[in-house]
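Below is one structure, written out as structure tokens; the observations come after it.
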Amino acid sequence: MKKLSIIVSKGSLDWAYPGLILASAARNNGVDVSLFFTFWGMDIITKKKVKNLKISPVGNVSMPFPEFMKILPGMTALTTAMMKSKIKKIDIPEVYELIQLIHDMGAKLYACKMAAEMMGLKREDLIDEVDDIIGANEFIYVSKDAEIIFI
Amino acid sequence: MKKLSIIVSKGSLDWAYPGLILASAARNNGVDVSLFFTFWGMDIITKKKVKNLKISPVGNVSMPFPEFMKILPGMTALTTAMMKSKIKKIDIPEVYELIQLIHDMGAKLYACKMAAEMMGLKREDLIDEVDDIIGANEFIYVSKDAEIIFI
Amino acid sequence: MKKLSIIVSKGSLDWAYPGLILASAARNNGVDVSLFFTFWGMDIITKKKVKNLKISPVGNVSMPFPEFMKILPGMTALTTAMMKSKIKKIDIPEVYELIQLIHDMGAKLYACKMAAEMMGLKREDLIDEVDDIIGANEFIYVSKDAEIIFI
């Protein structure tokens, strides 16, 4: 593998990590890495949101509580705090630290133009680590000869 | 990239777009494109459903309402209407129009045989743009030398 | 296609099948297959859970019931029973049988080290078919020249 393109389409805490961890591992192995944030994944590169990503237990059968309890106020906050604590315990950095790390390692970060327009996000709303805002056509071009993963 | 195979496994409005937009961008760049609809993604190629896809806010932390409010009657309809309006505002076609467009551009559309059997769907239940109903073995064969994306 | 690496990140009944069925089809076509279980996907290779995977209708618009009904006690059990019955009717094996089958066919099963640590899972908690517990770096190495799919 020489090139890896990761499309990050979800913005919750649990779906932020897989792309960032794969990106880090791929850079460690000398692979060219591009991350393309789109749809709900825009939250991960939005200044106001990246440090406050959440995880909801609702509809997730891997969290064995009754659904009528999962919707109660405070459950999203509780689940988020529990996951953050577990992540900290095994020495995984927080999401924004991990973004800075992989950016320093040379991974390219792209925001999806269409998603930015849909959500009314401008360049200044996005974190500095974002290299460019590009369309789907440019993404396909950038990903020429790359392995593509959609998260 | 010469060939792209996109597996579309989800049938909500937000997960219908990524595959169709990638397919369109790939065709624009001269890439051979095959879309393989399976599991919940069958809704996108089912005549009775394709024009009435929905999106639920439930469990989606990118939609910042309390979960106990998201389950109230009308919330799915409201969220669907809001997303459709945002999509229209940035001149993205509706799902079925986009399917017709990429089909005209030469993308191949396949339905998953196993999913069709599981859901009791016959050829006449599927939109005309579907080129064939194929099994997983045939999909692997069709996707020989292709980049595969699972949505 | 010579090699296929499938990352399985979800642990519900509906998201267990796509990876296993693709793995089986790929082995049938002589493709080298590695499955890498991570995050919620760890449930699928956990002894206490693999025979009791569930599916929740909550937030899934392809299941057309009002969300306030989907959260009622018993709805996850009911949806799970209905899906199992549909799967049985079309002669698809249960998840654990399918895992044994693809393992016998030569597919390699890997557990994610980070996810195992996060969830406090040890080797003896995982099913015997798991070949090894590996980190993301090793996964990238194993997946050299492989087509990678993220489920």
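Because only heavy atoms are used, hydrogens play no part in the values below, and waters and symmetry mates are left out as well, while side chains stay in. We name chains A, B, ... by the order of the sequence lines, and we start the count at 1 in each one.
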Is it the backbone or the side chain of [X] that comes under 4.5 Å from a heavy atom of chain A, or both, or neither?
X         : answer
Met119(C) : neither
Asp145(C) : both
Glu147(C) : both
Phe139(C) : side chain
Phe150(C) : both
Ala146(C) : backbone
Ser12(C)  : both

Kindly compute the distance separating [atom1] ([X]) from [atom2] ([Y]), expressed to the nearest 0.5 Å.
X         : Y         : atom1 : atom2 : result
Met63(A)  : Asp43(C)  : CE    : CG    : 10.5 Å
Asn29(A)  : Ile140(C) : CG    : CD1   : 6.5 Å
Glu117(C) : Ile92(A)  : CD    : CD1   : 8.0 Å

If you count the non-hydrogen atoms of other residues, nucleotides and ligands that lie under 6.0 Å from [atom1] in [X], is the total more than 12?
X         : atom1 : answer
Lys113(C) : NZ    : no
Glu94(C)  : CD    : no
Met105(A) : CE    : yes
Lys108(A) : NZ    : no

Pick from [options] with the largest number of heavy-atom pairs that fall under 4.5 Å of chain C:
options                                : result
Pro64(A), Ser24(A), Gly59(A)           : Gly59(A)
Lys2(A), Lys89(A), Lys70(A), Glu67(A)  : Glu67(A)
Leu22(A), Ile21(A), Asp14(A), Val31(A) : Asp14(A)

Lys86(A) versus chain C, the contacting section by heavy-atom distance below 4.5 Å: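 For Lys86(A), backbone and side chain are both near chain C.
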Most chain A-contacting option - heavy-atom pairs closer than 4.5 Å, from Cys112(C), Ser9(C), Pro57(C), Ala115(C):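 If we count pairs closer than 4.5 Å to chain A, Ser9(C) comes out on top.
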I want to check something: taking the side chain as every heavy atom from C-beta on, are [X] and [Y] in contact at a cut-off of under 4.5 Å?
X         : Y        : result
Leu72(C)  : Phe68(A) : no
Ile148(C) : Met1(A)  : yes
Val58(A)  : Ile71(C) : no
Phe39(C)  : Ser62(A) : no
Ile55(C)  : Val61(A) : no

For the student: nearest non-hydrogen atoms of Asn137(C) and Ala25(A), plus distance: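 So the minimum-distance heavy-atom pair works out to OD1-O, 3.4 Å.
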Over all atoms of both residues, closest heavy-atom pair of Met118(C) and Met83(A):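 Between these two residues, the closest heavy atoms are CE-CE, 4.0 Å.
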